[in-house]
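Okay, structure first, notes after.
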Amino acid sequence: MDDFGNLLNLYLVSNVLYSFVGNKMHGEDYITDLPESITETILTKLPLRDAVRTSVLSSKWSALAAAKLVRFVNQFLLLHDGPINRFTIASAYLQRSPYFDQWLLFLSRKDVQELNIGWRVGDWFRAPSCLFSCKKLIALELVRCVLHPPLNFKGFPNLKHLTLQQVHITRDAVENLISSCTLLESLTLLYFDSRKLTIRAPNLTCLVLEGEFKDICLENTPMLAVISVAMYINDDIAQHYDQSSSCNFDQFLGGVPSIQRLTGHGFFTKYMSIGNTLGEIQPTYRQLKVIDLYQVSFHNLKEIMVILRLLLSAPNLQVLQIGGSADASLATDAVDLDFWDKECPCDATFEQLKSVKMTQMLGLPHEMRFIEFLLGNSPVLELMDIAQNVHDETDENYDPSEMYMEILGFETASAEVVIEFTENYV
């Protein structure tokens, strides 16, 4: 910055301090009361980044800073000659700009390839129809958006990466959008609420979902390799779960033969347990190497059976991480413990499993039997890391060494396994 800019910054800082003192002593605010001609002159002499920072001074300065930012964008787009590969609009100062639709129209004519629009706070914006004319888009991210694709919309023919966060869109519209973008490789849907969703995407390799989903069906996703799902629940969804008769395991994973990594949070394991059995294990996921499941209820035998089915379906699994539900009130005597002797396939062998991490453990009977099962059937296991949940330090009878000693007494199929113990404080 030149000397003039440095002097202006010094002037602004000194006046801010002076105005704060003046507010306390005399009720005067010299920054806000500056004539508009002076504030505009100051802003024109400042770099754009510093000009935007002056918006913290007062609402008057904020409006002027926003106006300068809008002028800058207008001037840049007007004078730019040639294509625009990437364009991001994430500033709260541009939320109410009357030029917003014009910018998108201009971008659609400039063959923009990467577009990121949205603001984390404030108003939602309605995507203008010209957005759907951006046929060269490769990556699109929309945040806090109302999205209504035209009825005759045939998709973005070149789109490979799509992220929708807090986007209002109908179920049919989002399913059609996904299926019509035939080159789509990665899909992220965040904060989608109370809906059934069917995904058809033949080239999809990465899927991230978070929200209150009733049902998720993956069809025609033969290339899908990485899945991360966080499922939340409300009363309506809980009632739907209670009345459902379909096998969610088959519905969700039946169409993903190439899966390599599976991550589940929230009520994902509960969702997968509906209609699930430990019958004939089909299909087999030979490329599945990593499984991460969190908030698993080990007092619920159906959720345990989901984990077992995943293990038995993944002969080349190498890494397993399981997080418990951390509900100390469930640390009671379990029922159905005879399952481990009568129904669990004790002759199973996990030939490639090398690392197991168990977190938020409470020492529940089913947790202990599961750990014993893994240790006894994993011949190349190198690490068993167990993090016990310390849920009540005031309990005089609490002794974590009891759990540790019991685990150390389990038979191990691997002579090289190292068993480590840590503690989770909640």
Non-hydrogen side-chain atoms of Leu374 and Leu311 separated by less than 4.5 Å: yes

Contacts of type side-chain contact (heavy atoms from CB on, under 4.5 Å), residue Arg369, not counting sequence neighbours: Leu337, Trp340, Asp341, Glu372

All side chain to side chain donor-acceptor pair (under 3.5 Å) counterparts of Asn176, not counting sequence neighbours: none

Intermediate values then yes/no, side-chain contact (heavy atoms from CB on, under 4.5 Å), Phe339 and Leu301: CA-CA 9 Å; Phe339 162 83; Leu301 184 59; 3.7 Å; yes

For residues 148-156, which side-chain donor-acceptor pairs fall under 3.5 Å, sequence neighbours excluded?
unit_1, atom_1, unit_2, atom_2, d
His148, NE2, Arg126, NH1, 3.4

Test side-chain contact (heavy atoms from CB on, under 4.5 Å) applied to Glu185 and Met223, step by step: CA-CA 9 Å; Glu185 296 178 0; Met223 305 297 292; over 6 Å; no

From Leu142, Val143, Leu189, residue fulfilling side-chain contact (heavy atoms from CB on, under 4.5 Å) relative to Gln165: Val143

Sole candidate of Leu362, Ile386, Ile304, Val296 that passes side-chain contact (heavy atoms from CB on, under 4.5 Å) when paired with Glu367: Leu362

CE on Met384 to CG on Leu320, rounded to 0.5 Å: 8.0 Å

Interatomic distance, Gln260 atom CD to Asn316 atom CG [nearest 0.5 angstrom]: 11.5 Å

Ring centers of Phe252, Phe213 separated by less than 6.0 Å: no

Contacts of type side-chain contact (heavy atoms from CB on, under 4.5 Å), residue Cys217, not counting sequence neighbours: Thr198, Glu219, Gln251

Salt bridge (charged side-chain N to carboxylate O under 4.0 Å, His left out) contacts in which one or both residues fall within residues 284-306, not counting sequence neighbours: Arg261-Asp292

Residues Phe132, Leu177; criterion side-chain contact (heavy atoms from CB on, under 4.5 Å); working and verdict: CA-CA 11 Å; Phe132 304 99; Leu177 174 62; 5.6 Å; no

side-chain contact (heavy atoms from CB on, under 4.5 Å) against Thr182, all qualifying residues, sequence neighbours excluded: none

Leu224 side chain reached by Ile199 side chain, heavy atoms, under 4.5 Å: no

Student check: side-chain heavy atoms of Leu204 and Ile178 closer than 4.5 Å: no

Partners meeting side chain to side chain donor-acceptor pair (under 3.5 Å) with His161 (sequence neighbours left out): Ser186

Gly323 versus Thr359, closest heavy-atom pair with distance: CA-OG1, 3.2 Å

With sequence neighbours excluded, residues passing salt bridge (charged side-chain N to carboxylate O under 4.0 Å, His left out) with Glu175: Arg171

Sidechain-backbone polar pair: Asn85 side chain, Glu114 backbone, donor-acceptor under 3.5 Å: no

Contacts of Asn377 that satisfy side-chain contact (heavy atoms from CB on, under 4.5 Å) - sequence neighbours left out: Phe350, Phe373

Closest contact, heavy atoms only, Asn116 versus Glu141: ND2-OE1, 3.1 Å

CD on Gln295 to OG on Ser297, rounded to 0.5 Å: 9.0 Å

Nearest non-hydrogen partners of Ala127 and Cys145, listed with the distance: CB-SG, 3.8 Å

Check: Ser258 side chain, Ala225 main-chain N or O, donor-acceptor pair, under 3.5 Å: no

Distance (rounded to the nearest 0.5 Å) between Asn276 CG and Cys247 SG: 5.0 Å

Pairwise side-chain contact, Gln166 with Trp124, heavy-atom cut-off 4.5 Å (strictly under): yes

Stepwise side-chain contact (heavy atoms from CB on, under 4.5 Å) check, Phe298 with Met358: CA-CA 12 Å; Phe298 271 94; Met358 308 283 293; 4.0 Å; yes

Counterpart residues, side chain to side chain donor-acceptor pair (under 3.5 Å), relative to Glu210 (two or more places apart): Tyr232

Reported CG-to-CG distance for the pair Leu104 and Leu115, which is rounded to 0.5 angstrom: 6.0 Å

Under 3.5 Å: donor-acceptor pair, side chain of Asn248, backbone of Tyr271: yes

Minimum side-chain heavy-atom gap Met272-Leu253 below 4.5 Å: yes

Of all pairs that satisfy salt bridge (charged side-chain N to carboxylate O under 4.0 Å, His left out), the ones with a partner from residues 373-388, not counting sequence neighbours: Lys357-Asp385

Contact summary for Leu312 and Ala348, nearest pair of heavy atoms: CD2-CB, 3.5 Å

Any Leu293 side-chain heavy atom under 4.5 Å of Phe268 side chain: yes

Close side-chain approach of Val112 and Leu137, heavy atoms under 4.5 Å: yes

Leu159 to Ala139 - nearest heavy-atom pair and separation: CD1-N, 3.7 Å

Gap separating the CD atom of Glu343 from the CG atom of Leu308, nearest 0.5 angstrom: 11.0 Å

Selection residues 345-355 - residue pairs positive for side-chain hydrogen bond (donor to acceptor under 3.5 Å, both in side chains), sequence neighbours left out: none

Smallest separation among heavy atoms of Leu364 and His299, with atom names: CD1-N, 4.3 Å

Residue pair Pro128 / Leu105, side-chain heavy-atom distance below 4.5 Å: no

